[in-house]
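This report refers to the structure that appears directly beneath it.
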Amino acid sequence: MVNAKSTFVKSDFENAAHELLQWYDQMARRLPWRLSPQARKNGDMPDPYRVWLSEIMLQQTTVPHAAPYFDKFTRLWPKVEDLAAAHNDDVMREWAGLGYYARARNLHKCAKVLAGLDAFPNTIEALLALPGVGPYTAAAVGSIAFDLPVAPVDGNIERVISRLMAIAGDGSAAGWAQDKKEITQRVQTLVPQRSGDFAQAMMDLGASVCTPKSPNCMICPWMDICLARQEGNQESYPAKPKRKPQPIRNGLAFVIFHEGKVLLQRRPDSGLLGGMLMPLSSPWEEGGEYTLEDYQPVKADWHYRGQARHVFTHFALHWDVYVAHLTKKPDLSGDWIDIDMCLEAGLPTVGRKALKLALDA
DNA sequence: AATACGGGGTT
DNA sequence: AACCCAGTATT
């Protein structure tokens, strides 16, 4: 019974949380949704609404990308009741460009639930019941907003803990699933009294020190106790399965102008870019070939403006952009938006790319 | 367990 | 061009 892993005992990392918190007290990033460790030690706690909002925005999204959206949302809707009272179209428009648009729909749905409650849910079970809140977000909000004795596990913390405790399987999907389970269990054994700061400290460590490539171990508060560093294989952790390459899909975009306006249509609520405004388009199924003749939404004198390229999660789109200036208003459903306003109308990035090509010329 | 679902940064 | 994400919901 003597490999390195089975000899793990809690005391190996007995002071780990304390050492990390000492580092965090000096090095904490200042973020719009965050209370400083000094403020928290004085007994202040953050507004749970702001913590929840930030964590939804930060799902699979970097701090620099999310921060301006957080500022905008809290300016437009300072309290959860304000967000709950907003029109869904406005929420979707303001979210445009952040990606994973189901988050925006669930955010608004969740705000309506929260506005009907007497207090913000403050147990893991109650948080998990909210739309758009999964295991990570429940633990993040629980610890950061309420100091519940739990640790969130996101990609950063998976990496930090897998290195600290040398947790890595064979790199298969099944092996990684097992690793994640073990990481989630083991990190709980480290959680100190200041669980909110501990969670934020691990995120800061992952973001600024224990980076995926070339981690800066020399300035790490866990330098001496990190098992991966003792092995000298920091970068081999975590052992994640390879992602499979994405296929390319082709499609045609149809940007229709009429009397200084452009026609946009709202996509169905579910599925890719759900609920977002976009130019008209052919389908873009894998292996599909679409011709102007067969797929034009209206007979017109179409002009080719170039190809908009965009990478989604599981495929890349090569979208050939055609424009038409119609003198007679076509019989097509959708919203006619002033040309000057259309780039601020709340389009997802791929829609903006196509529109920019169409407006150049 | 696998897939759908954006977008941008780093190397 | 490959890799990395401050994940959740659905199948």
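Proteins get letters first, then strands, A, B, ... in listed order; numbering begins at 1 in each.
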(message) Without decimals, in angstroms, what is the distance between A:Trp176 CH2 and B:dA1 P?
(response) 13 Å
(request) Would you indicate whether the side-chain heavy atoms of A:Lys180 and A:Glu158 approach each other to under 4.5 Å? (result) yes
(message) For A:Phe312 and A:His310, take the angle between the two ring planes, folded into 0 to 90°, and tell me which bin it lands in: parallel under 30, tilted 30 to 60, perpendicular over 60.
(response) perpendicular
(message) Could you check, using the six-membered ring where one of them is a Trp, whether A:Trp336 and A:His258 have ring centers closer than 6.0 angstrom?
(response) yes
(request) Please work out whether the ring planes of A:Phe198 and A:Trp222 are parallel, tilted or perpendicular, with thresholds of 30° and 60°. (result) tilted
(request) Measure the shortest side-chain to side-chain distance between A:Ser54 and A:Arg34 over non-hydrogen atoms and say whether it is less than 4.5 angstrom. (result) no
(message) Once you apply a heavy-atom cut-off of 4.0 Å, does A:Ala173 come out as touching a base, just sugar-phosphate, or nothing?
(response) sugar-phosphate
(message) From CZ of A:Arg352 over to P of B:dG7, roughly how many Å is that when rounded to an integer?
(response) 11 Å
(message) Distance check needed: B:dG7 C1' versus A:Met57 CE, whole Å only.
(response) 15 Å
(message) Under 4.0 Å, counting only non-hydrogen atoms across every strand here, what does A:Pro64 touch: a base, just sugar-phosphate, or nothing?
(response) nothing
(request) Would you please classify the geometry between the A:Trp284 ring and the A:Trp319 ring as parallel, tilted or perpendicular, with 30° and 60° separating the classes? (result) perpendicular
(request) Could you state whether A:Leu357 and A:Leu252 fall into the same hydrophobic cluster, counting links through intermediate Ile, Leu, Val, Met, Phe, Trp or Tyr residues with side-chain heavy atoms under 4.5 angstrom apart? (result) no
(message) Using a 4.0 Å heavy-atom cut-off to protein, can you give one letter per nucleotide of nucleotides 2-11 of chain C, 5' to 3': B if the base is in contact, S if only the sugar-phosphate is, - if neither?
(response) --BBBBSS--
(request) By nearest nucleotide on DNA chain B, pick out whichever of A:Gly271 and A:Ala177 is the more 5' one. (result) A:Ala177
(request) Classify the nucleic acid contact of A:Gly97 as base, sugar-phosphate or nothing, counting any heavy atom under 4.0 Å across all strands shown. (result) sugar-phosphate
(message) Using the C1' atom as the point on both nucleotides, what is the distance between C:dC4 and B:dG6, in whole Å?
(response) 14 Å
(request) Between C:dC5 and B:dC5, how far apart are the C1' atoms? Round to whole Å, please. (result) 14 Å
(message) Expressed as a whole number of angstroms, how long is the span from A:Arg309:CZ to B:dG7:C1'?
(response) 18 Å
(message) In this structure, how many angstroms lie between the C1' atom of B:dG7 and the NE2 atom of A:His314, rounded?
(response) 14 Å
(request) Determine the interatomic distance between P on B:dT11 and the same-named atom on C:dA6; round to the nearest Å. (result) 13 Å
(request) Please confirm whether A:Arg249 makes a cation-pi placement over A:Phe315, using NZ or CZ under 6.0 Å from the six-membered ring centre and within 45° of the ring normal. (result) yes
(request) Determine the contact category for A:Ala66: base if any of its heavy atoms lies under 4.0 Å from a base atom, sugar-phosphate if only primed atoms, P, OP1 or OP2 are that close, otherwise nothing. (result) nothing
(message) The criterion is side-chain contact (heavy atoms from CB on, under 4.5 Å); which residues satisfy it with A:Pro221, sequence neighbours excluded?
(response) A:Leu20, A:Trp23, A:Leu205
(message) Give me the stems containing DNA chain B, sorted by first residue, counting only three or more consecutive Watson-Crick or G-U pairs with both distances under 3.5 Å; say none if there aren't any.
(response) B:1-5 with C:7-11, B:7-11 with C:1-5
(message) What I'd like to find out is whether the side chain of A:Val153 reaches to under 4.5 Å of the side chain of A:Tyr136, using heavy atoms alone.
(response) no
(request) Specify the separation, in whole Å, of atom CH2 of A:Trp95 and atom P of B:dC5. (result) 17 Å
(request) Mind calculating the distance between CD (A:Glu235) and P (B:dT10) to the nearest angstrom? (result) 16 Å
(request) Rounded off to whole Å, could you give me the CZ-to-C1' distance for the A:Arg249 and B:dA4 pair? (result) 10 Å
(request) Go through B:dG6, B:dA1, B:dG8 for me and flag the one nearest to the A:His65 side chain. (result) B:dG8
